[in-house]
Amino acid sequence: MTNIFTRIKDSVTSDLHNLMDQKDQKNPIAALNHYLRQSEQEKEKVRKLVERQYKLKDEFTKEYQMANDLAEKRLKQAEIAEKAGEEQMHAFAVREHEEYQARAERLKASRDEAEQELDTLEQKYEDMKHKLKDMHLRRMELMGRENVARANHQMNKVVDETSDKPFSKFAEMERYIEGLEYRVNNSYYRSTFDNKIAKLEQEMKEKEQV
């Protein structure tokens, strides 16, 4: 039964990897964005671990300080009880001192270990941030190169389609604009011709009256 589930798991994993490979081939930038989002999530997990480690170190420090203070307190009380000849109180204070002292030492060791682990986590977190920043910059570079490649591909496609008549589309557009300009000017001239003739006729009548 275990082998069956293992084969099913391997099959599903293989299918997912195949899908990701297909995605890489169809749209590498989209796939890269996906990987970057995953990396951001991993970085966020490490950031939370760093915060938790800070809190843990503070808790160890707090508990260590309390145990150390109590150990010193019991030691002084043991000295007072001894001077007062109170053997039972002296024995109790000594036992308490030894227990608190042992606890303080254990807590100090745990705190020191937590500090070392915190240093390691912080270093890894900083490394992740730098690497992720570099990955974002490389993505920008790749996007720029992809844009140039696509632009060149599109321009080459246009040139290839009109290779027998270089820039024929531009020449065709220029002729179209010239024809449109001629029709507009001709229409404008026709629409204002009657007004111009009427104006000339009026000017001629005014001269004759003079």
Side-chain angles (χ1 to χ4, degrees), residues 1-24 28-143:
M1 184 64 69
T2 303
N3 291 334
I4 293 175
F5 285 124
T6 301
R7 288 199 296 269
I8 292 175
K9 179 183 176 182
D10 293 341
S11 177
V12 171
T13 303
S14 177
D15 290 341
L16 286 175
H17 287 166
N18 289 335
L19 286 174
M20 290 305 299
D21 290 340
Q22 293 175 9
K23 188 176 181 181
D24 287 347
I29 296 298
L32 179 57
N33 290 336
H34 173 73
Y35 295 139
L36 283 174
R37 284 193 296 270
Q38 287 184 327
S39 298
E40 288 284 359
Q41 292 173 357
E42 292 300 317
K43 187 193 77 170
E44 184 63 16
K45 290 179 183 178
V46 174
R47 185 188 67 79
K48 291 180 179 179
L49 287 174
V50 170
E51 290 182 354
R52 287 173 57 186
Q53 195 67 17
Y54 263 112
K55 293 179 181 178
L56 185 63
K57 187 201 75 169
D58 291 342
E59 287 295 323
F60 277 130
T61 301
K62 180 181 177 181
E63 292 293 333
Y64 162 72
Q65 193 62 49
M66 289 176 58
N68 194 54
D69 290 344
L70 287 170
E72 292 180 357
K73 179 180 178 181
R74 289 290 187 264
L75 181 62
K76 291 179 181 177
Q77 290 174 340
E79 293 174 354
I80 294 173
E82 184 179 20
K83 289 179 181 179
E86 294 288 341
E87 295 182 2
Q88 186 175 358
M89 294 179 66
H90 174 262
F92 173 81
V94 168
R95 287 197 305 271
E96 287 276 295
H97 165 72
E98 291 174 351
E99 289 180 3
Y100 284 127
Q101 186 67 32
R103 183 183 301 172
E105 292 175 357
R106 187 170 68 251
L107 286 168
K108 184 177 183 300
S110 297
R111 185 195 63 180
D112 292 343
E113 184 179 355
E115 285 182 346
Q116 292 178 357
E117 292 174 348
L118 178 59
D119 290 340
T120 301
L121 281 174
E122 284 184 323
Q123 185 175 356
K124 288 182 178 179
Y125 181 59
E126 290 300 319
D127 290 342
M128 288 184 73
K129 288 198 296 184
H130 286 303
K131 289 180 180 178
L132 197 55
K133 183 66 175 178
D134 290 339
M135 289 168 67
H136 279 291
L137 293 176
R138 291 172 68 182
R139 181 191 63 169
M140 292 172 61
E141 292 171 352
L142 288 173
M143 289 175 66

Study note, to complete from the structure: Shortest non-hydrogen pair, Ala78 vs His90, comes out as O-CD2, 2.9 Å

Could you measure the distance from the [atom1] atom of [X] to the [atom2] atom of [Y]? Nearest 0.5 Å is fine.
X      : Y      : atom1 : atom2 : answer
Glu82  : Ile80  : CD    : CD1   : 11.5 Å
Ser110 : Lys108 : OG    : NZ    : 11.0 Å
Glu126 : Lys129 : CD    : NZ    : 4.0 Å
Gln123 : Leu118 : CD    : CG    : 11.5 Å
Glu63  : Arg103 : CD    : CZ    : 8.0 Å
Arg74  : Glu98  : CZ    : CD    : 13.0 Å

Practice item. Using a cut-off of 6.0 Å, state whether more than 12 heavy atoms not belonging to Gln38 lie near its atom CD. Key: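 Buried by this count: over 12 neighbours within 6.0 Å.
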
Exercise for review: Evaluate whether atom CE of Met128 has more than 12 neighbouring non-hydrogen atoms of other residues, nucleotides or ligands under 6.0 angstrom away.
Suggested key: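 Atom CE in Met128 is packed in, count exceeds 12.
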
State, yes or no, whether a side-chain contact exists between [X] and [Y] at a heavy-atom distance under 4.5 Å.
X      : Y      : value
Phe92  : Gln88  : no
Val94  : His97  : no
Leu132 : His136 : yes

**Study point:** Verdict with supporting geometry, Glu40 and Lys43, salt bridge (Lys or Arg N to Asp or Glu O under 4.0 Å)
**Key:** CA-CA 5 Å; Glu40 288 284 359; Lys43 187 193 77 170; 3.5 Å; yes

Point to revise | Salt-bridge contact Lys76-Glu79 (side-chain N to carboxylate O under 4.0 Å) | key: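 The answer is no: the pair does not qualify as a salt bridge.
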
Which donor-acceptor pairs under 3.5 Å do the side chains of residues 64-73 make with protein atoms, sequence neighbours left out?
residue: Gln65; atom: NE2; partner: Asp69; partner atom: OD1; Å: 3.2

Practice item. Tell me, with the steps shown, if Glu42 and Val46 meet side-chain contact (heavy atoms from CB on, under 4.5 Å). Key: CA-CA 6 Å; Glu42 292 300 317; Val46 174; 5.7 Å; no

What donor-acceptor contacts under 3.5 angstrom involve side-chain atoms of residues 47-61, with partners at least two apart or in another chain?
residue: Arg47; atom: NE; partner: Glu44; partner atom: OE1; Å: 3.1
residue: Arg47; atom: NE; partner: Glu44; partner atom: OE2; Å: 3.1
residue: Arg47; atom: NH1; partner: Glu51; partner atom: OE2; Å: 2.3
residue: Arg47; atom: NH2; partner: Glu44; partner atom: OE2; Å: 2.4
residue: Gln53; atom: NE2; partner: Ala114; partner atom: O; Å: 3.2
residue: Gln53; atom: NE2; partner: Glu117; partner atom: OE1; Å: 3.2
residue: Tyr54; atom: OH; partner: Glu122; partner atom: OE2; Å: 2.2
residue: Thr61; atom: OG1; partner: Lys57; partner atom: O; Å: 2.9

